[in-house]
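Data block below; observations after.
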Amino acid sequence: MKKETMPEALRIMYRIRLFEEHAKKMHKENLLAGNFMGALHTYIGEEAIAAGVSMLLNKDDYVFSTHRGHGHFIAKGGSIKKMLAELMGKEAGCSSGRGGSMHLFDTEINFMGGNGIVGAGLPLATGAAYRAKYLKTKQVSVCYFGDGAASQGTFHESLNLASLWKLPVIFVCENNCYAVNTPVSETICIKDVAQRASGYGMPGEAVDGNSLSDVYTAAEKAVARARDGAGPSLLECKTYRIDPHCMVAGDMRKKEEIDKWKERDPIKLSEKWILNEGIAGPDDLRKIREEVAEEIKEAEQFALSAPLPDRKKFREEAMDIDGSKGALK
Amino acid sequence: MKKETMPEALRIMYRIRLFEEHAKKMHKENLLAGNFMGALHTYIGEEAIAAGVSMLLNKDDYVFSTHRGHGHFIAKGGSIKKMLAELMGKEAGCSSGRGGSMHLFDTEINFMGGNGIVGAGLPLATGAAYRAKYLKTKQVSVCYFGDGAASQGTFHESLNLASLWKLPVIFVCENNCYAVNTPVSETICIKDVAQRASGYGMPGEAVDGNSLSDVYTAAEKAVARARDGAGPSLLECKTYRIDPHCMVAGDMRKKEEIDKWKERDPIKLSEKWILNEGIAGPDDLRKIREEVAEEIKEAEQFALSAPLPDRKKFREEAMDIDGSKGALK
Amino acid sequence: MREIKYVEAVNEALMEEMENDTGVFIIGEEVSCAGGAFRATEGLFEKFGPERVRDAPISESGFTGLAVGAAMAGLRPVAEIMYLDFITTAMDQVINQAAKVSFMSGNRIKAPLVIRAPYGIGTREAAQHSQSLEAWFAHTPGLKVVMPSTPYDAKGLLKTSIRDDSPVIFLENRILYFKKGPVPREEYLIPLGQADIKRKGKDITVVALSNMVPKALEAAGMLSEEIEMEVIDPRTLVPLDIETIAGSLKKTGRLLVLHEAPERCGFGAEIVRQVSEQAFDYLDAPPKVLGGLNVPIPFSPVLEDACVPSAEDVADAVKKIIPR
Amino acid sequence: MREIKYVEAVNEALMEEMENDTGVFIIGEEVSCAGGAFRATEGLFEKFGPERVRDAPISESGFTGLAVGAAMAGLRPVAEIMYLDFITTAMDQVINQAAKVSFMSGNRIKAPLVIRAPYGIGTREAAQHSQSLEAWFAHTPGLKVVMPSTPYDAKGLLKTSIRDDSPVIFLENRILYFKKGPVPREEYLIPLGQADIKRKGKDITVVALSNMVPKALEAAGMLSEEIEMEVIDPRTLVPLDIETIAGSLKKTGRLLVLHEAPERCGFGAEIVRQVSEQAFDYLDAPPKVLGGLNVPIPFSPVLEDACVPSAEDVADAVKKIIPR
Ligand SMILES: Cc1ncc(C[n+]2csc(CCOP(=O)(O)OP(=O)(O)O)c2C)c(N)n1
Ligand SMILES: Cc1ncc(C[n+]2csc(CCOP(=O)(O)OP(=O)(O)O)c2C)c(N)n1
Ligand SMILES: [Mg+2]
Ligand SMILES: [Mg+2]
């Protein structure tokens with residue numbers, strides 16, 4: 001990773017972290033729309049992955065995300081304002097309030113959506129890669145998914161198709177040690193998800209997902225391979241989710257385990273590295289952080305003041321979506 | 001493989017071969033029920049697999065079969081009479097004429113059915129193995145499937161579950177080089193399906209599926225492992241389907257390729273081996289063959305004279321299956 | 001009588017049936033220590049251990065199919081799909097395997113399996129976590145479909161479903177999960193195929209599914225001065241107790257069916273079909289279905305709530321059917 | 001006019017649309033050199049090459065999902081499911097992805113995808129190769145559902161479906177595949193949502209889906225001396241041209257809906273619901289559905305044929321509805 005780009009990557013990580021800390025606060029204050037079941041899945045502790053991968057992507061490269069997608073969205077360049085409005089169910093949201101936290105979209109940056117179905121994004125990402133190859137656009141398609149998703153049939157089918165047809169897709173497995181409360185040791189019986197790549201004849205690599213530069217370096221190879229037309233790669237990033245699964249889920253993990261991982265906070269590690277290498281000073285970092293905080297304040301203002309969608313109008317329009325009338329009016 | 005059991009295994013292979021040759025003839029003469037789409041998938045050329053595996057199975061071990069299941073059924077000890085009656089859609093058929101060639105059942109020998117959905121048998125077989133372990137019965141569960149089925153998500157999910165929970169199931173991949181007209185080189189990009197076993201932490205072995213003793217030897221290890229409670233295995237048997245995919249499918253394979261494989265006919269290979277080793281003489285083999293031919297003649301008589309199910313009675317009874325009445329009478 | 005929550009009633013039914021029959025086991029995501037996403041399986045792991053309360057990876061097709069295979073071999077699995085929406089990833093095992101194996105085998109094999117799935121709209125989780133898919137399963141020969149609306153019904157019907165020799169799709173409404181109702185301490189069973197009249201009335205027959213039952217009762221209360229609504233909960237869609245519905249119609253002459261699933265091709269249409277076939281002459285007014293909008297479920301609460309009939313919507317619909 | 005087979009009409013539609021629009025590509029099992037299990041894609045591979053006519057491994061979820069993703073990114077894929085029954089292995093991609101993505105994204109993304117699937121009963125392939133699942137898709141908001149009964153309709157509707165911006169489920173009946181009918185050489189399109197009156201009549205409105213259309217016409221011929229049946233083919237279930245059906249009912253006062261799918265919760269029930277809602281006053285007799293038995297499809301031909309209405313069954317049903 002080029003040294004001068006490190007602060008930019010760190011800014012992405014700040015944006016993710018501060019956004020989510022703020023969203024959590026708003027959730028607790030009942031300001032978000034989805035408070036009932038708490039379908040707000042934070043990415044805190046995993047930021048280095050999206051940041052590291054996205055530093056390699058162009059605006060028109062595709063990203064397919066998951067239920068845990070705020071970080072992917074921000075890293076790709078999505079609007080924080082519009083995302084926050086989305087979490088509040090506002091018409092001005094990035095999905096017009098129709099999608100919510102699990103279904104973020106931004107077509108201007110080819111952010112192709114989160115997904116509420118674990119593992120469902122893999123075939124979709126493979127499809128966007130199919131188009132890129134079909135039209136020889138040199139775009140790549142990135143698919144994020146969790147360790148839990150690696151047990152879905154779609155994992156198997158998608159990796160196989162992508163490899164058979166040498167599609168420019170990068171499968172990024174965010175192995176955060178758990179699927180909700182289920183430890184990864186109870187869902188796979190090998191050391192690394194990445195080992196499965198060999199079953200499809202594609203390269204597979206497991207890296208420290210909390211190290212920005214390790215993620216970047218591995219992703220660089222995968223992206224280059226994809227752009228060169230050499231086909232897909234499986235990149236497993238070992239990391240840890242610091243928060244519970246979502247805002248209402250019970251957490252059965254040991255406190256010591258969580259604390260141990262907190263010491264390896266990807267933001268702290270990156271800050272340390274930047275300072276050590278003398279790429280930027282403490283003041284520079286503080287400044288970035290303040291700018292980000294300001295941005296989030298503005299986003300909150302925007303989202304709070306944006307209007308809610310209109311029930312009556314929705315019911316009327318809904319009638320027309322498929323040309324058939326319903327009884328509700 | 002014990003030498004004295006070889007003739008028994010050969011008898012199984014004769015029974016399969018002669019049954020199918022006969023069924024094909026009846027199909028051409030329009031005597032079978034399914035002639036419209038020709039859903040009759042022959043096992044000719046692959047007999048050594050079912051024969052070799054089944055020599056290791058007890059009556060109460062489970063077998064889950066495929067669309068190409070006549071051989072599995074016979075090898076497990078299913079009644080040829082009842083199978084032929086089934087192919088004719090008779091009430092006396094092994095599935096009462098409800099299932100047909102793709103859905104053979106015999107609960108007395110725990111033959112748990114063919115399957116018309118490629119790959120669907122893998123979770124089912126894993127489930128029967130779950131019961132065996134649950135009740136500590138020491139039964140094993142065998143699942144046959146094709147090279148084509150190895151691309152289904154159920155392959156991935158089932159192997160993973162079976163390995164995680166150390167279930168007594170043997171996954172037997174019958175790699176006959178094609179799925180209908182699609183060569184296996186276009187569906188997987190590695191040498192052996194068996195290599196995928198490593199992704200699930202289970203042993204995987206690829207053997208010559210036309211060699212009775214090779215199949216037997218490999219299956220012996222897998223069955224022993226399963227019975228010992230050590231978990232599942234993936235056994236890939238390389239073979240070739242001599243006939244077209246089914247009775248009406250076009251065949252795009254090269255004649256030379258088919259001819260080359262015909263030279264490695266598993267029955268011829270086994271006969272040669274038995275004769276060479278002096279386990280039995282030509283007359284013994286001829287006698288077995290004749291006995292089998294006689295058996296098939298009887299089966300034909302049985303099946304031809306068995307009555308067809310009754311349309312009227314069926315319509316009446318169908319009304320009651322779920323307690324609701326339909327309009328048809 | 002003591003009152004317990006719907007989800008507790010489910011839990012008790014599981015507990016009792018697991019005690020009754022060692023062949024009953026539970027499989028699903030997070031069902032062991034975590035007790036399931038909604039605590040329906042709480043305490044079972046501690047009591048019955050990992051073989052009988054089995055946490056599965058996110059492999060719906062795999063573990064549902066495993067349950068089908070185990071049922072074919074003689075156990076009585078209860079598979080939990082965390083949200084009904086996720087059953088889309090396991091449909092082949094449900095539709096082509098579980099539902100058909102008994103028939104295809106000429107009745108030689110049974111698949112005595114229950115697939116439990118929390119479902120329904122109202123939790124602000126958007127389009128992939130909010131669907132009501134009962135009509136699909138009711139359309140599939142070989143499956144029974146159960147959809148209780150009260151803790152009492154949930155417990156009695158789940159016990160019966162576990163003992164039934166057919167595969168049963170058992171749909172538990174997530175909004176109702178946390179509502180309380182009377183449930184006796186003594187064991188009881190409720191047969192499949194028996195509707196329950198939740199409120200007697202003479203002016204209109206309102207057939208309501210699951211979470212529409214309380215809304216129908218609320219509407220009945222709102223209108224009680226002018227209109228006497230008879231509220232019928234079929235409780236099981238397959239088999240369906242059409243006799244009770246027809247009997248009510250003989251008295252009322254008017255039919256309104258309520259469900260949250262999209263109106264088009266929903267189970268309401270099926271009730272209208274059966275009523276038209278068997279009780280047309282009783283009808284004094286067009287039989288009517290009030291269902292959900294024909295749209296995916298939006299995230300924004302104001303829109304989500306707009307997708308399904310409210311008690312007010314029900315009252316409006318009733319008033320439109322009954323002339324004054 | 002020249003006559004061609006239904007499957008040839010499908011083939012021509014694909015050929016023309018692939019020529020028209022380079023974004024159209026085909027993916028499915030055996031679709032290239034083999035031309036699909038039923039020859040619907042014959043000749044396309046030779047003309048357009050492997051990227052546009054792509055043979056997939058047996059990974060329905062994978063390749064259907066790939067098609068959805070490609071559609072989201074801007075192509076116009078046509079995915080072939082070899083037998084409709086196999087779509088059970090890809091349901092999540094159809095229901096939770098294709099059908100919902102446009103709505104969930106606030107209309108930012110479209111999924112202009114056609115899923116073609118040969119389907120239907122009558123080929124002696126038993127329960128897992130014979131299902132009519134149209135009602136599931138009609139119940140799923142976000143999908144259009146097309147079910148042509150003639151070569152002419154198949155060609156015109158498939159071309160329109162490929163150009164449509166919504167995901168379309170296009171159901172091709174396997175028995176009709178090999179029947180011929182007039183198809184002009186010149187290009188034409190048929191809009192979705194327009195029923196076709198296949199035979200005029202004044203005594204009863206018979207709405208028939210797909211392969212029930214020729215059986216209805218046969219029954220109409222059998223009864224023509226006594227009864228004038230009006231036979232309507234809706235052609236597309238979503239959107240549905242209820243106006244044409246209601247218009248016919250105004251004249252006839254009697255309704256019979258025919259389909260091969262199981263009667264319970266089939267599309268017939270939906271037509272009865274819509275008619276009850278919009279044209280109840282036109283009805284002089286109970287509206288009736290004659291559908292398939294509520295059982296899995298048996299293998300034995302005599303039983304298989306018993307599962308769906310024959311022309312004689314249709315004639316009987318019509319005679320029962322019309323008093324004499
Ligand atoms: C098909 C499906 N099954 C189950 C769920 C419920 N669920 C949502 S997130 C989740 C855990 C996912 O784990 P992982 O893939 O590791 O992602 P993480 O949440 O750890 O980022 C589960 C089980 C779902 N959304 N979809
Ligand atoms: C899910 C599914 N997809 C497609 C088919 C159609 N089909 C039947 S057999 C077959 C080929 C299977 O190939 P393989 O698994 O190698 O078995 P083989 O026929 O070679 O024994 C296909 C594609 C099916 N039955 N089920
Ligand atoms: Mg995880
Ligand atoms: Mg094969």
Side-chain angles (χ1 to χ4, degrees), chain B residues 32-39 67 86-91 93 95-103 115-120 146-154 179-182 184 186-188 249-250 252 308-312 314-315 317-319 321-329, chain D residues 29-30 32-35 37-39 50 55-63 82-83 85-86 88-90 122-130 174-175 256 258 262-264 268 288-310 313 316-317 320:
Chain B
L32 299 187
N35 61 314
F36 185 102
M37 274 302 299
H67 56 288
E86 187 62 31
L87 300 195
M88 297 185 73
K90 301 293 180 79
E91 195 74 50
S95 310
S96 306
R98 269 55 169 182
S101 164
M102 292 195 283
H103 306 289
N115 216 310
I117 304 296
V118 170
D147 47 290
S151 294
Q152 277 286 29
T154 47
V180 194
N181 289 299
T182 306
V184 67
E186 286 182 24
T187 61
I188 68 173
M252 296 169 54
L308 281 171
D310 185 64
R311 173 189 173 96
K312 195 143 178 294
F314 178 73
R315 276 202 175 179
E317 287 175 0
M319 308 295 127
I321 282 184
D322 47 43
S324 65
K325 281 169 246 153
L328 283 179
K329 240 148 256 152
Chain D
E29 290 155 20
E30 305 275 316
S32 77
C33 316
F38 302 95
R39 307 271 172 277
D55 268 350
I58 310 175
S59 303
E60 278 83 1
S61 202
F63 77 73
M82 196 186 268
Y83 281 62
D85 310 70
F86 310 157
T88 49
T89 66
T123 54
R124 287 73 177 98
E125 291 170 285
Q128 295 173 342
H129 284 71
S130 311
R174 271 202 304 285
I175 297 294
L256 175 65
L258 305 172
E263 215 157 83
R264 188 178 48 232
K288 181 144 177 75
V289 177
L290 189 64
L293 294 182
N294 291 325
V295 293
I297 307 301
F299 165 67
S300 191
V302 52
L303 300 185
E304 182 179 29
D305 293 341
C307 285
V308 288
S310 63
D313 291 322
D316 285 352
K320 265 190 216 136

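Chain identifiers are assigned alphabetically (A, B, ...) following the order of the sequence lines, protein sequences preceding nucleic acid strands; residue numbering begins at 1 within each chain.
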Exercise: identify the closest heavy-atom pair between [X] and [Y]:
{"X": "D:I58", "Y": "B:A149", "result": "CD1-N, 4.5 Å"}
{"X": "B:P309", "Y": "D:V302", "result": "O-CG1, 3.8 Å"}
{"X": "B:M102", "Y": "D:E125", "result": "CE-O, 3.5 Å"}
{"X": "D:C307", "Y": "B:F314", "result": "SG-CE2, 3.7 Å"}
{"X": "B:R311", "Y": "D:D313", "result": "NH2-OD2, 4.0 Å"}
{"X": "B:R315", "Y": "D:D305", "result": "NH2-O, 4.2 Å"}

Spatial distance of atom [atom1] ([X]) from atom [atom2] ([Y]) [nearest 0.5 Å]:
{"X": "B:L32", "Y": "D:R124", "atom1": "CG", "atom2": "CZ", "answer": "13.5 Å"}
{"X": "B:H103", "Y": "D:H129", "atom1": "NE2", "atom2": "NE2", "answer": "7.0 Å"}
{"X": "D:F299", "Y": "B:M88", "atom1": "CZ", "atom2": "CE", "answer": "10.0 Å"}

Next on the checklist: Evaluate B:R98 against D:L303 for side chain to side chain contact (heavy atoms under 4.5 Å, CB included), listing each step before the verdict.
Outcome noted: CA-CA 8 Å; B:R98 269 55 169 182; D:L303 300 185; 3.4 Å; yes

Counting only heavy atoms closer than 4.5 Å, note whether [X] contacts chain B via side chain, backbone, both or neither.
{"X": "D:F38", "value": "side chain"}
{"X": "D:T89", "value": "side chain"}
{"X": "D:S59", "value": "both"}
{"X": "D:D316", "value": "neither"}
{"X": "D:E29", "value": "neither"}

Checklist entry - Using non-hydrogen atoms only, which part of B:N115 is less than 4.5 Å away from chain D: side chain, backbone, both, or neither? => result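 Both backbone and side chain.
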
Item to check | Part of B:I188 within contact of chain D (heavy atom distance under 4.5 Å) | outcome: neither

Checklist entry - Do D:E30 side-chain atoms and B:N181 backbone N/O form a donor-acceptor pair below 3.5 Å? => result yes

Checklist entry - chain B: which of D:C33, D:S61, D:G35 shares the most heavy-atom pairs with it under 4.5 Å? => result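 Top count of heavy-atom pairs under 4.5 Å with chain B: D:C33.
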
